[in-house]
Peer 1: 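First, the structure itself, so that you have it in front of you.
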Amino acid sequence: MTTEEIQAAVARFPDATPVLSTADKVAMDESIAALHKAGKPAIEGLIAMFVDRNPEVDCKARHALHALVHHVWTIKDDAGRALLAATMAGALGGEKPKEIQAFLLAQIQLCGSKEVVAALGKVLLDPELCDPACAALMAIRDGAAAPLRDALPKANGRVKLAIIQALGALKDAAAAPALRAIVKDEDRDTRIAACWALASIGDATAIDLLTAATASEGWEQIKSVKNCLVLAENLAAAGKKSEAAKIYRHLHASRSGAKDAYIRDAAMRGLSAINMKLKETVS
Amino acid sequence: MTTPKKNVTRRRFLKTSAAAATVPAMFHIVPRHCVAQSGKTPPSETLGAALIGCGGRSRGTLGEASKGHAVELRAECDVKWVGSADNKKRYTDFRRVLERDDIDIAVIATPPHWHALITIAAMEAGKDVLCEKPMTRTIAEGRAVVEASNRYGRIFQIGTFGRFGSSKNKDKILQHKIMRSGLLTDCKAVHIKNSALKVKEWSGKPLLKPGNPPPNLDWDMYCGPSPLKPYVHERFGGSHRKYWDYEGGGLSDMGQHHFDPTQWEFGKDDTSPVSIEAYAPPPHPECTAMWGWVEMVFADGLTYVLDSGEWGEPYSRKKARGVSLKDLSPEDQAKIIAMPDPDPLLTFAEAVKTRKPAGGNAEAAHRAACIVNLANIGIRLGRKLNYDPVKEVFIGDEEANRLVHQPMRAPWHV
């Protein structure tokens, strides 16, 4: 497919005048089919049409690439999906403007799989790309935790925060030791994220760390209590009832003020759900 | 070697623990330390409210939250108040508002990409919540709100109230009873919504160039859990609904209004359709755009149709059809007639007072929002989708499931 043919296919996407009210589905579908049939040169050709923050120039090309993402899923073309994702991933980390790379990451979030995980790992430490890269890895799931674990020791600030959160979302048990080491980070949001990630993972060895975190104040305390409840629920769901009960009992005893009645009630409901009592029975 | 016990799933755990959620009401009532003057509400019974998101709908939403009980507005919060917030009455960061012990009710009128996060955070802080529609931007966020409501025993009411009227209408009550009875196993009803879907009105303008956000706006905080995109003025201030990052066009704007009563009338407050099929052109990656119609079918055969009438050929597969006693055998008709009417739906104020679920509670509101979100996923993907309404996942469609659960930008998570 020549550059002119790609441009002709893209031209059949609707003009935005000012909205996309004149969309011709038949013409668009024909264009998508032609672009799909052309394979990698068409994908690269579309990406080459992108410009930084100037939708008047590249609106149709971005629309076409996005439509192609849906198309490979619709026709169940897994090889085509992998080619599309890999071709987009090949444009990451280079000289292209970060806004364009972020757009490509958003498309990879929809169609990427294990084949692009390594390429995503290469942009994780870029402050402008970390968020969309993490979002893509969270969507991909399969094999996605490894590059996040590798990047965590080298990360700082918002990048570190995003990586911690992604590891929690992926429930990556292998990351638990590294996460436990940062629950006392100097940054509040990092502490909260690390505790949440450990709760999400269901890390029984983090019980004392998470219950200790509830001694904080304000927003951090609100989130710390939530993290304890989530950890208890995940432990209970994993059959670790005595560990879950330990958390519930701690919350019930430590949240003793009038304003914390709802926390004590939540702890009681948690205990009841696992058939445990507030007082530990000593046999 | 011992086999690990098969334990309850986390969702089942939350459901089980929620069963006792109405019990602790007696512990929550603030002692009446203060004696009221004649004809006035005692201070101890006045609820402190915070209004989070102070745009166009906010005062109306606050008014709804204030009906039936004494409410005092103690804090307001909006990301557009950089430079004018005092962090006493006027805030830009909702987290500081939720830290306050004198706030009992959070009234949320932000754009929808914040609804789940702030609702859940408010419940974590012990507040009851009235939240504007649509309840959430994604299906997974809606489930997270339901789980939080159960976990903390907090009251949730969505900012749509059509079901309260339906629940007092004798014809709608009869329909509700027929549908909830389980006697109608092959439902032929077709509900068609073919007006006020505002498709073109809330379609985005893809050619707008990015610029600089106004100095009073915390753009990063506004974007919150959504991707941090270059500022475009239409992404903010009501027109946010033209962008997938924050809402889902006219369908998201109006759909929960339309389907809140419908869901109650058809007895679908605890389930969702099993198939979704949309007729629409390939979607734009950022802006909401045109679509023709969406057909959604429930497991019992009930069909919902959204027919925009604004693009393409109109829907013609099925004709609108209601439910009546005639759909049942004479024996089953007698059973329906003998059935008691459902309990009246509780208003937000009644729910706050009794600690029983509100009429537009989290599960019911979530299922109504699912109609909107499922339809929008159908529109975006343009292929027939099969959905498991129990697990709340699409069957055999990985891409669709990536739209059910969309990752949030750190530090935001639910």
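What you see is a predicted model, and the numbers here were worked out from it, not measured in a lab. Protein chains get the first letters and strands the later ones, always in sequence-line order, with residue 1 at the start of each.
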Peer 1: Evaluate the criterion side-chain contact (heavy atoms from CB on, under 4.5 Å) for residue pair K242(B) and V19(A); output intermediate values, then yes/no.
Peer 2: CA-CA 10 Å; K242(B) 299 177 179 181; V19(A) 299; over 6 Å; no
Peer 1: State, to 0.1 Å, how close P230(B) and E99(A) come at their nearest heavy-atom pair, and which atoms those are.
Peer 2: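 Where P230(B) meets E99(A) most closely, the heavy atoms are CG-CG, 4.1 Å.
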Peer 1: Go through K209(B), H413(B), H284(B) and name the one with the most non-hydrogen pairs under 4.5 angstrom from chain A.
Peer 2: H413(B)
Peer 1: For residues L20(A) and S203(B), determine if any side-chain heavy atom of one lies less than 4.5 Å from a side-chain heavy atom of the other.
Peer 2: no
Peer 1: Is L228(B) close to chain A through its backbone or its side chain, or both, or neither, when contacts mean heavy atoms under 4.5 Å?
Peer 2: neither
Peer 1: Report the distance from atom CZ of R151(B) to atom CD1 of I263(A), rounding to the nearest 0.5 Å.
Peer 2: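 Here the interatomic distance stands at 10.0 Å.
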Peer 1: Which answer fits Q109(A), side chain, backbone, both or neither, if we ask what part of it has an atom under 4.5 Å from a heavy atom of chain B?
Peer 2: both
Peer 1: Can you say whether A169(A) sits under 4.5 Å from chain B via the side chain, the backbone, both, or neither, judging by heavy atoms?
Peer 2: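 For A169(A), no heavy atom lies under 4.5 Å from chain B.
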Peer 1: State, to 0.1 Å, how close L207(B) and A16(A) come at their nearest heavy-atom pair, and which atoms those are.
Peer 2: CD1-O, 3.4 Å
Peer 1: Using non-hydrogen atoms only, which part of V97(B) is less than 4.5 Å away from chain A: side chain, backbone, both, or neither?
Peer 2: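 No part of V97(B) comes within 4.5 Å of chain A.
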Peer 1: If a pair satisfies salt bridge (charged side-chain N to carboxylate O under 4.0 Å, His left out) and one of its residues is in residues 402-414 of chain B, list it, with sequence neighbours excluded.
Peer 2: D220(B)-R409(B), E398(B)-R402(B)
Peer 1: Under 4.5 Å heavy-atom distance to chain A, tell me which part of E310(B) shows up: side chain, backbone, both or neither.
Peer 2: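 No part of it gets close to chain A.
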Peer 1: Considering only heavy atoms and a distance below 4.5 Å, find which of G312(B), P281(B), P285(B), P411(B) pairs most often with chain A.
Peer 2: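 When all of G312(B), P281(B), P285(B), P411(B) are compared, P285(B) has the most.
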Peer 1: Below 4.5 Å from any heavy atom of chain A, which atoms of A280(B) appear? Answer side chain, backbone, both or neither.
Peer 2: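 Just its backbone gets close to chain A.
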Peer 1: Look at R383(B), E286(B), M290(B) and state which one has the largest set of heavy-atom pairs under 4.5 Å with chain A.
Peer 2: R383(B)
Peer 1: Which residues in residues 58-69 of chain A have any heavy atom closer than 4.5 Å to a heavy atom of chain B?
Peer 2: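 Hits under 4.5 Å: C59(A), R62(A), H63(A), H66(A), A67(A), V69(A).
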Peer 1: Is the number of heavy atoms from other residues, nucleotides or ligands under 6.0 Å of K200(B) NZ greater than 12?
Peer 2: no
Peer 1: Under the salt bridge (Lys or Arg N to Asp or Glu O under 4.0 Å) test, which residues partner K98(A), sequence neighbours left out?
Peer 2: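 K98(A): salt bridge (Lys or Arg N to Asp or Glu O under 4.0 Å) contacts with D126(A), E128(A).
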Peer 1: Do W73(A) side-chain atoms and L381(B) backbone N/O form a donor-acceptor pair below 3.5 Å?
Peer 2: no
Peer 1: Donor-acceptor pair, Y262(A) side chain versus E124(B) backbone, under 3.5 Å?
Peer 2: yes
Peer 1: Can you tell which part of C111(A) gets under 4.5 Å to a heavy atom of chain B, answering side chain, backbone, both or neither?
Peer 2: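 Answer is backbone: N, CA, C or O of C111(A) sit under 4.5 Å from chain B.
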Peer 1: Which heavy atom of I222(A) sits nearest to which heavy atom of A121(B), and what is that distance?
Peer 2: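 Of all heavy-atom pairs spanning I222(A) and A121(B), the closest is CG2-O, 4.4 Å.
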Peer 1: Let's test your reading of the structure: which of G382(B), A125(B), A400(B), P210(B) forms the most heavy-atom pairs below 4.5 Å with chain A?
Peer 2: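 Looking at each of G382(B), A125(B), A400(B), P210(B) in turn, A125(B) comes out on top.
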Peer 1: Between P283(B) and chain A, with a heavy-atom cut-off of 4.5 Å, which part of the residue counts as in contact: side chain, backbone, both or neither?
Peer 2: both
Peer 1: In Å and rounded to the nearest 0.5 Å, what is the CG to CH2 distance from D189(A) to W412(B)?
Peer 2: 7.0 Å
Peer 1: Would you mind listing every salt bridge (charged side-chain N to carboxylate O under 4.0 Å, His left out) that reaches into residues 129-140 of chain A, with sequence neighbours excluded?
Peer 2: D131(A)-R158(A)
Peer 1: Under 4.5 Å from any heavy atom of chain B, what part of P132(A) do you find: side chain, backbone, both or neither?
Peer 2: neither
Peer 1: With no hydrogens and no angle check, is any side-chain donor or acceptor of E399(B) less than 3.5 Å from a backbone partner on L110(A)?
Peer 2: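 No.
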Peer 1: Got a donor-acceptor contact below 3.5 angstrom from the R380(B) side chain to the H70(A) backbone?
Peer 2: no
Peer 1: On a heavy-atom basis, which atom in P407(B) and which in A139(A) lie closest, and how many Å separate them?
Peer 2: CG-N, 4.3 Å
Peer 1: I'd like to verify something: which residue of R264(A), E56(A), K226(A) has the highest number of heavy-atom pairs under 4.5 Å with chain B?
Peer 2: K226(A)
Peer 1: Which atoms of A289(B) are under 4.5 Å from chain A, going by heavy atoms: the side chain, the backbone, both sets, or neither?
Peer 2: side chain
